[in-house]
4 protein chains.
Amino acid sequence: MKITLMNERSFILGYTMHNKYELILRAAEKIIAAGGIQGLSMQLVATEAGVAAGTIYRYFKDKDQLILELRKDVLSQVASAILEDHQIGTIEQRFKRIWMKMYNYGKQPSPANLSYEQYANLPVINTQEIRQLEMQLFAPLQQLFEQGKAQGLIQPLHPRMLYALAMEPAMTMARTCRRGLIDYQPKDITFACDLCWRAILSPNTTTATI
Amino acid sequence: MKITLMNERSFILGYTMHNKYELILRAAEKIIAAGGIQGLSMQLVATEAGVAAGTIYRYFKDKDQLILELRKDVLSQVASAILEDHQIGTIEQRFKRIWMKMYNYGKQPSPANLSYEQYANLPVINTQEIRQLEMQLFAPLQQLFEQGKAQGLIQPLHPRMLYALAMEPAMTMARTCRRGLIDYQPKDITFACDLCWRAILSPNTTTATI
Amino acid sequence: MKITLMNERSFILGYTMHNKYELILRAAEKIIAAGGIQGLSMQLVATEAGVAAGTIYRYFKDKDQLILELRKDVLSQVASAILEDHQIGTIEQRFKRIWMKMYNYGKQPSPANLSYEQYANLPVINTQEIRQLEMQLFAPLQQLFEQGKAQGLIQPLHPRMLYALAMEPAMTMARTCRRGLIDYQPKDITFACDLCWRAILSPNTTTATI
Amino acid sequence: MKITLMNERSFILGYTMHNKYELILRAAEKIIAAGGIQGLSMQLVATEAGVAAGTIYRYFKDKDQLILELRKDVLSQVASAILEDHQIGTIEQRFKRIWMKMYNYGKQPSPANLSYEQYANLPVINTQEIRQLEMQLFAPLQQLFEQGKAQGLIQPLHPRMLYALAMEPAMTMARTCRRGLIDYQPKDITFACDLCWRAILSPNTTTATI
DNA sequence: CATGAATGAGGCTTCATTCAT
DNA sequence: GATGAATGAAGCCTCATTCAT
């Protein structure tokens with residue numbers, strides 16, 4: 001997913017530029033992961049990326065745009081990690097695969113994941129663009145819900161509500177685990193995943209799941 | 001509720017101090033709500049609070065401490081708003097009251113609520129103190145879960161897991177609503193609340209709720 | 001010496017004031033001794049003196065005046081310590097007593113002595129007043145030199161030159177010792193004192209000292 | 001002499017850097033000479049040096065380091081001025097040349113000399129590094145004393161004591177003169193220099209000097 | 001294209017001084 | 001007289017951004 005995005009960009013900007021662009025983004029991601037957005041200085045990014053401070057401005061208009069592009073980039077990473085193989089199997093299998101991938105991804109202290117969480121509640125800058133991308137990237141999940149609803153399998157609720165009820169818990173639990181507050185057992189996770197699935201299941205559905 | 005905390009503080013610090021202390025806290029809260037932590041400058045706080053810049057330092061050691069105290073204060077506000085009347089009624093009634101209050105509180109674009117969300121993923125500064133307070137403030141919710149488990153009503157899961165499964169959706173939905181992405185109908189909310197309740201219910205329980 | 005000065009002041013200002021005046025001066029002296037003039041803040045002085053910050057301004061016009069008064073006060077202390085019993089004995093005995101007292105006083109890390117050295121090379125503020133006082137306080141030493149010259153015992157040089165040649169070394173050695181760079185033996189000091197005395201002695205003088 | 005130091009630095013730091021580094025140091029020196037260390041503000045240094053405030057921080061970590069480097073720089077200047085041609089002639093000639101240079105240098109109201117005196121009694125910060133440099137820079141003087149002692153010409157005393165007895169008077173007299181308190185005649189100075197030399201001379205030495 | 005030195009506005013904090021109590 | 005809360009100017013320093021090389 002992200003690779004696709006990057007390739008698109010590299011076609012436009014040429015290989016060399018792509019290289020530095022990428023370096024800068026990765027450096028920023030790493031720094032934010034370590035010290036939050038507050039810890040992000042252009043000089044630090046430059047040093048970490050191994051380029052001169054001025055060079056950043058050849059790829060990004062200013063700091064705000066760097067952050068915006070990073071948000072978009074990281075969002076792509078998260079989406080592609082979570083939605084990998086999303087089209088294989090039954091609705092339930094697909095839901096649970098996404099749920100588990102979301103949990104497992106969110107559990108990791110990787111730069112991408114750590115920086116991702118920094119953007120969540122940023123003040124209202126450029127949000128429109130981000131939201132659009134988010135919609136686009138997570139369209140497969142929305143489609144899954146729609147299909148489930150069409151089959152009478154999933155409750156006829158707004159996709160965002162389904163997401164809040166069934167997916168957000170995976171993120172919350174992953175965060176709790178990553179922060180070392182709890183060490184969930186695999187069976188707990190499987191169980192929670194199942195509970196989430198059942199939570200949005202149509203009441204009249206007969207499920208084979210225990 | 002928050003008033004209780006404030007009164008305690010005012011007993012300790014004396015009335016005069018309480019006054020400015022409070023003013024500064026409210027100003028900071030407002031600024032963070034509007035522009036995020038990044039937008040918080042001591043000068044801005046001073047202006048908004050109607051005091052001189054230097055005055056802030058009579059009440060707070062430095063910017064970090066101001067933010068820490070604000071986090072604690074806002075956390076108290078949120079907790080007291082959500083846990084108001086939490087001990088009245090059956091387990092289910094109590095759970096649902098908390099859920100609804102959480103949703104309704106989170107939906108508001110009040111300074112306290114908006115600033116609250118800014119702290120969620122801050123880099124790990126002073127987190128220990130915050131966590132301790134959080135545990136303490138939300139103890140009633142945890143007790144509710146424990147009682148439910150003791151009665152065989154609620155699944156025997158870790159309280160944090162129960163929270164993630166049943167409460168976090170309220171917060172997520174509130175956020176979505178507050179941001180104007182969706183305008184949930186009261187019946188949707190009631191329904192979601194019930195789904196959350198059922199999600200953590202023991203499977204052998206016979207519920208009258210449909 | 002200082003006592004005289006203080007008494008004069010106390011007659012004018014009354015006993016109570018004298019008390020706080022003194023307290024503030026001693027506090028400032030202590031603080032400067034510990035951290036240099038740079039470390040002197042009015043708040044610190046107030047705290048150390050056990051008075052309110054505003055109180056200082058009832059006794060001193062501003063910080064500059066506090067420092068000026070302290071300089072004068074400390075100068076008095078030093079002079080009276082060094083010139084104690086200065087009129088007893090022969091010229092030589094009197095010279096050597098002063099020399100030894102100067103060395104011994106300068107060796108101590110007392111607040112008065114430590115703060116004294118902070119003023120030595122201050123930029124040219126209020127120097128006129130200080131110089132006048134200095135002249136006045138050290139008049140006995142100058143008289144000693146004059147008497148020595150009149151008796152043909154001491155070289156007919158300017159008193160300041162005699163001071164530089166014969167007295168300053170005592171101060172320098174004391175400082176070196178106080179800073180822990182050298183630990184002079186009593187006999188070294190006696191010897192140095194004698195060398196200083198001989199240095200300004202008239203060449204035609206027959207001295208019994210070897 | 002100082003130029004040597006500077007050239008060394010410029011070889012290391014490159015020409016451009018050397019230029020601004022030097023400018024800043026000279027500006028700071030000038031400001032301290034005029035108003036003491038208390039009068040040194042980074043803004044003032046920037047203005048005087050003709051650079052932006054932030055530029056200073058490319059060359060000096062912070063104000064403390066700027067002051068430390070300036071101390072070292074000025075110490076080097078003083079040492080090289082005083083010890084110029086120090087190895088030519090007999091022990092006595094060498095001693096007297098240093099003494100005279102010390103007096104003549106100390107007499108000047110040059111920025112370097114004026115700022116030099118400001119550092120003398122600073123609170124104990126970074127003193128170790130300064131002392132080491134001082135020892136190193138003034139090693140030739142110490143060697144002179146050692147040679148004089150080895151030849152039985154100079155009293156067998158600690159070099160610091162010899163310095164206090166014979167050299168410090170030069171500094172004190174220079175200061176007095178610079179401050180306009182006295183205008184010494186050349187013959188006075190020559191005489192004082194000779195007295196200082198004789199003061200540390202071994203008693204059994206037959207001197208041709210009057 | 002890339003560099004990195006330079007800029008200077010702006011942020012945090014201190015502190016001498018005032019003034020209502 | 002005494003207090004100490006309040007002030008706000010001024011100090012140190014950072015950092016996004018520019019531009020000559």
Side-chain angles (χ1 to χ4, degrees), chain A residues 13-14 16-17 19-20 38-47 49-67, chain B residues 13-14 16-17 19-21 38-47 49-66, chain C residues 13-14 16-17 19-20 38-47 49-67, chain D residues 13-14 16-17 19-21 38-47 49-66:
Chain A
L13 304 175
T16 314
M17 191 172 207
N19 203 28
K20 296 234 163 129
Q38 311 222 42
L40 187 79
S41 90
M42 298 304 263
Q43 197 51 245
L44 219 53
V45 173
T47 306
V51 302
T55 303
I56 299 176
Y57 290 83
R58 296 201 65 77
Y59 298 93
F60 303 92
K61 189 175 133 287
D62 56 16
K63 193 183 182 182
D64 281 346
Q65 211 221 338
L66 169 57
I67 291 177
Chain B
L13 304 175
T16 313
M17 190 171 205
N19 206 27
K20 292 253 160 100
Y21 182 92
Q38 309 221 49
L40 186 80
S41 91
M42 298 305 263
Q43 200 50 247
L44 220 53
V45 172
T47 306
V51 302
T55 303
I56 300 176
Y57 292 84
R58 289 198 59 75
Y59 299 96
F60 303 92
K61 193 177 128 288
D62 55 16
K63 194 183 181 182
D64 281 347
Q65 212 220 339
L66 169 57
Chain C
L13 303 175
T16 314
M17 190 172 207
N19 202 28
K20 295 236 163 129
Q38 311 222 42
L40 187 78
S41 90
M42 298 303 263
Q43 196 52 244
L44 219 54
V45 172
T47 305
V51 303
T55 304
I56 299 175
Y57 290 84
R58 296 201 64 78
Y59 298 95
F60 303 91
K61 190 176 131 287
D62 55 16
K63 194 181 181 183
D64 281 347
Q65 210 220 340
L66 169 57
I67 292 175
Chain D
L13 303 176
T16 313
M17 190 170 205
N19 205 28
K20 292 255 159 97
Y21 183 94
Q38 309 221 49
L40 186 77
S41 90
M42 297 305 263
Q43 201 49 246
L44 221 53
V45 173
T47 306
V51 301
T55 302
I56 300 175
Y57 293 86
R58 289 198 60 76
Y59 300 95
F60 304 92
K61 191 177 129 289
D62 55 17
K63 194 181 182 183
D64 281 346
Q65 210 220 340
L66 169 57

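The chains referred to below are lettered A, B, ... by the order of the sequence lines, with proteins before strands, and numbering in each begins at 1. Keep in mind it's a predicted model, so treat the numbers as computed, not measured.
Taking atom CD1 on C/Ile56 and atom P on F/dA2, their separation rounds to 12 Å, with Å as the unit. In this structure, A/Leu40 atom CG and F/dT14 atom P are separated by 17 Å, rounded to whole Å. Across the protein-nucleic acid pair, A/Gln43 atom CD and E/dT3 atom C1' stand 11 Å apart, rounded to whole Å. Between B/Leu66 atom CG and E/dC12 atom P the separation is 10 Å, expressed in whole Å. What separates CD of D/Gln38 from C1' of F/dA10 is a distance of 15 Å, to the nearest Å. Taking atom CZ of D/Phe60 as the reference point, atom P of E/dA6 lies 12 Å away to the nearest angstrom. Taking atom OH on A/Tyr59 and atom P on F/dT17, their separation rounds to 18 Å, with Å as the unit.
Across the interface with DNA chain F, nearest-nucleotide mapping of D/Lys61 and B/Ala53 shows B/Ala53 to be the residue nearer the 5′ end. Positionally, the nearest nucleotide of DNA chain E for D/Thr55 lies more toward the 5' end than for the other of D/Thr55 and B/Thr55. Each of A/Tyr57 and D/Lys63 has a nearest nucleotide on DNA chain F; the 5'-most of these lies closest to D/Lys63.
Here the shortest heavy-atom pairing between D/Asp62 and D/Met42 reads C-CE, 4.4 Å. Nearest approach of D/Lys20 to D/Thr55, heavy atoms of both residues: CD-CG2, 4.2 Å.
To the nearest 0.5 Å, the span separating OH on B/Tyr59 from CG on B/Asn19 amounts to 8.0 Å. Separating the CD atom in C/Gln65 from the CD1 atom in C/Ile67 is a distance of 11.0 Å, to the nearest 0.5 Å.
Distances were taken from every side-chain heavy atom of C/Lys20 (C-beta onward) to each of F/dC12, F/dA2, E/dC12; the shortest belongs to F/dA2. Relative to the side chain of C/Met42, the nucleotides F/dT3, F/dA16, E/dT17 differ in distance, and E/dT17 lies closest. For A/Arg58, taking side-chain heavy atoms from C-beta onward, the closest of the listed nucleotides E/dC1, E/dA6, F/dA2 is E/dC1. Of all nucleotides listed (F/dA6, F/dT3, E/dT7), E/dT7 comes nearest to the side chain of D/Val51.
Across every strand in view, F/dT21 sits in a pair with E/dA2 that passes the Watson-Crick or G-U test at under 3.5 angstrom. Across all strands shown, F/dA16 forms a Watson-Crick or G-U wobble pair with E/dT7, both key distances being under 3.5 Å.
Residue contacts for C/Ser41: at a heavy-atom cut-off of 4.0 Å it reaches the sugar-phosphate backbone alone, with no base atom in range.
B/Leu40 is listed as a side-chain neighbour of B/Lys63, based on a closest heavy-atom distance under 4.5 Å.
When the C1' atom is compared between E/dC1 and F/dT21, the two are found 13 Å apart, to the nearest whole Å.
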